[in-house]
Amino acid sequence: MDKFELVQRRSTPASTRESPSQLRKLALVAKYTDNAVIITDPQGRIEWVNEAFTRITGYTFDEVIGRNPGKLLQGPHSNPKTIAFMADRLRLGLGFKTEILNYSKTGREYLLEIDVQPVHDDAGQLKNFIAIERDVTESSTVLQLALESARQGIWRWEPSSAQVILSAHFLPLFGYTSTASHQIDSQLLAITHPDDHDALQAWYPTITQGKITEGEIEYRIRTSDGQWRWVRTQGKAVNQAGDASGHHILGIHSDITERKRVEAEIHRMAYFDSLTGLANRTLLIDRIEQSLSLARRQQGQLALLFLDLDNFKIINDALGHEGGDQLLIAVAQRIEAVVRSECVLARLGGDEFVLLLPDMHRAEDAALVARRILDLMAEAHLVKNEAIHVSASIGIATFPADGDDATTLIKNADLAMYAAKQAGRNTFRFFAATMGDAVMSTLRLENRLRNALKQNNFHLVYQPKVDSQTRRIVGMEALLRWRDPELGMVPPADFIPIAERHGLIIPIGDWVLQNACRQNKAWQDAGLPALSMAVNVSALDFDDPTFPARVRHALDMSGLAPQYLELELTEGALMKNANAAVATLHEIKALGVSIAIDDFGTGYSSLAYLGIFPIDRLKIDRSFVRDLPHTSNSAEITRAIIGIAKRLSMKVVAEGVETAQHANFLQQEQCDDLQGYLFSRPVNAVDFEILWRQGCIEQPAT
Ligand code: C2E
Ligand code: MG
Ligand code: MG
């Protein structure tokens, strides 16, 4: 068969009867394939090549005819062992498969996968070799696109030249121009993150010297515009046919920056609080356990500070959700700015923060930190251009004294925080073993209190006020009672602070206002003489901007005329923010409602403000009344309070009047009204009505 006939006849395979059938098929396929196809004579001289060959090598048909493809295409980095192997096989008339680095006419390096098969005629005589060669550098356009979109590149390490050959588009991914081959330790290291140098320098030799057959490493590459991107390099030793030295390495570089970013994001979500960026509970527990094992080994101590903002719920309601968030962020930043870097500040949710002091020498250290944080809080936070004052309560638990695992320590610090709240807030407390009981009962109260309104477990009782001269009923005070089905009667002194702490005081306050007004109106409608009803108002309720509106609502709903309602406020409620209080008091006065200062003498009143506040009545606290008239101190204070009231044209009433001596002394000192067990305990509505119909309460004989 004439070799050139094959070429001419390849479009008409039916007529190539005498050609080996393999050749006929090949002729057809070769036309359409992207692979280079070479047909040589038995000596290996090129007889025919297809168009793909020209495209890959750059040599035209005419340039290659009669030449040896090996000599034509091999170059400086072609593996000599592979060359020798191929020559041997050809000499023996045998086929083979291998890979070799070749060079195009223009000097481009490309990696070829070669499949060479001998072709025999019907008589079994070697007629040709057919070589199918695939450029696997980037084996197809599709693969190249795929690699590029996956931000990957191929690399190959040639044992003969000890060089790493990077696929052409890899470095351009990072903004560098591509070079065909690189000394990995020079060019790659130059753009690798310094922190990754050691790992990379240790890794390449192990894989390139065939010490391991498979491996991967992740490191950062600086792009030409100075950004860091994560790259993962995987390599695998592959056996090259005939390469006695065994391995050469093929590998993939992948840009895994995005994956790293996602991983970091997942990590962040799993371990950090999204609002403040502080550690979350999971990370905190992790860090505590770490510090604990260290402390155990070194016989060290550590402390947990559990911090809860005071009255955050109220502030949050007033500022709005966004403002509340801003405040939490500001608090987090403020604390973080002052604690040492080895401390871990975490947010457990809401307004609860935990600070881990990993190596504490003395318990006093924790106290100092707590004090410092409380002082920090004292400075106003600027939220929505408003200066917000917020304090915190801190509980401290230490290792090894208060627990030896993270959960126990957090729980005990939390209990201690409750104790700090109960001690009046804006303070800190160390954990004490007995705290659990008190707090548990507080928690129990809190849970039940939440349901008390719904389940109708509140009621009001009424205590009369009498005129000190006539001893006739001139008014009454409504006092709240809570009867819990399980706990029985719970005194207001126990549950009012809890209601305040958990934001329940406002709905409860509304309930009291509305019911007191309704009852008073009902009595008036029933024909009893119209009297004023006093209602106690919590400081937190008074601070609520909607408070005056809610008072009006209670009046409107009941139809009670405003002059029959009196609100009792403590000095603390008024003095806490005296300027705001003046405005609120005027709003309330404008409704026609009167105002009394309760427990007068026990708080701190600025006399200057006392003159400005539109107050109708002072209530002398029962702690002074109790000691009358024998303790001169109490007698003096009582006289002074009466004096102030007269001077400021206020009425004055004494509470806790239990004996005739109390009553007589107060009457003598011109105290207007009296209230106390001497006249009546607080009684329910029915009993009160009976008292009232009598009009005058008999003074028991002394
Ligand atoms: P308060 O406003 O000073 O109420 C007077 C307290 O003294 C009442 O206690 C009353 O029962 C008690 N008391 C009256 N006469 C005598 C007496 O002769 N001797 C003695 N030893 N005590 C007497 P109660 O009802 O337990 O209330 C305690 C506090 O709870 C109240 O003090 C008030 O601050 C608060 N409170 C009561 N009801 C309400 C309410 O509806 N809302 C709010 N925010 N606080 C309330
Ligand atoms: Mg009162
Ligand atoms: Mg009182």
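Numbering starts at 1 and runs along the sequence shown. Counting convention: from 1, in listed order, for ligands and their atoms alike.
Taking distance alone, with nitrogen or oxygen atoms compared against 3.5 Å, E655 approaches ligand 1 more closely than that limit. For ligand 1, the polar-atom distance check against L480 finds a nitrogen or oxygen pair separated by under 3.5 Å.
Taking 4.0 Å as the cut-off, K619 does not count as a neighbour of ligand 1 on heavy-atom distance. At least one heavy atom of G656 sits closer than 4.0 Å to an atom of ligand 1.
No close placement of the W523 and Y564 rings is indicated, their centers lying 6.0 Å or farther apart.
Salt bridge absent: R617 and D672 never bring a charged side-chain N and a carboxylate O closer than 4.0 Å. R347 and E352 are not joined by a salt bridge, as no carboxylate oxygen comes within less than 4.0 angstrom of a charged side-chain nitrogen. In summary, R550 and D510 engage in a salt bridge, as defined by a charged side-chain N under 4.0 Å from a carboxylate O. With respect to the salt-bridge test (charged N to carboxylate O, under 4.0 angstrom), the residues D484 and R448 qualify. Ionic pairing of D599 and R622 is not present here: no N-O contact between side-chain nitrogen and carboxylate oxygen is shorter than 4.0 angstrom. The pair D673-K651 does not count as a salt bridge, with every side-chain nitrogen at least 4.0 angstrom from each carboxylate oxygen.
Checking A654, A539, P492, A478 against atom 24 (P) of ligand 1, the nearest heavy atom belongs to P492. The residue among H662, R626, R622, R681 with a heavy atom at the shortest distance from atom 12 (C) of ligand 1 is R622.
Within ligand 1, the atoms closer than 4.0 Å to a non-hydrogen atom of D599 are 3 (O), numbered from 1 in the order shown. Which parts of ligand 1 touch Q463 is read off a 4.0 Å heavy-atom cut-off, strictly below it: atoms 14 (C), 15 (N). Near V512, the atoms of ligand 1 lying under 4.0 angstrom from a non-hydrogen atom of the residue are 41 (O). Annotation for ligand 1: atoms under 4.0 Å from non-hydrogen atoms of E658 are 17 (C), 18 (O), 19 (N), 20 (C), 21 (N).
No other N/O/S atom of E477 lies as close to the Mg ion (ligand 2) as OE2 does. For the Mg ion (ligand 2), the nearest N, O or S atom contributed by E568 is named OE1. Here the N, O or S atom of D598 that is nearest to the Mg ion (ligand 2) is OD2.
Taking 2.8 Å as the threshold, D599 does not count as a candidate ligand of the Mg ion (ligand 2), since none of its N, O or S atoms lies below it. The Mg ion (ligand 2) has no N, O or S atom of E655 under 2.8 Å away, backbone or side chain.
Contacts of D598 with ligand 1, taken as heavy-atom pairs under 4.0 Å, involve the side chain alone. Residue D621 does not touch ligand 1, judged by heavy-atom distances below 4.0 Å.
For W511, there are no side-chain hydrogen bond (donor to acceptor under 3.5 Å, both in side chains) partners two or more places apart in sequence or in a different chain.
Nearest heavy-atom pair across G324 and L319 is N-CB, 4.0 Å.
Proximity of a side-chain donor or acceptor of D310 to a complementary backbone N or O of N426 within less than 3.5 Å is detected.
Under the side chain to side chain donor-acceptor pair (under 3.5 Å) rule, Q675 has a single partner from K619, K465, E655, which is K619.
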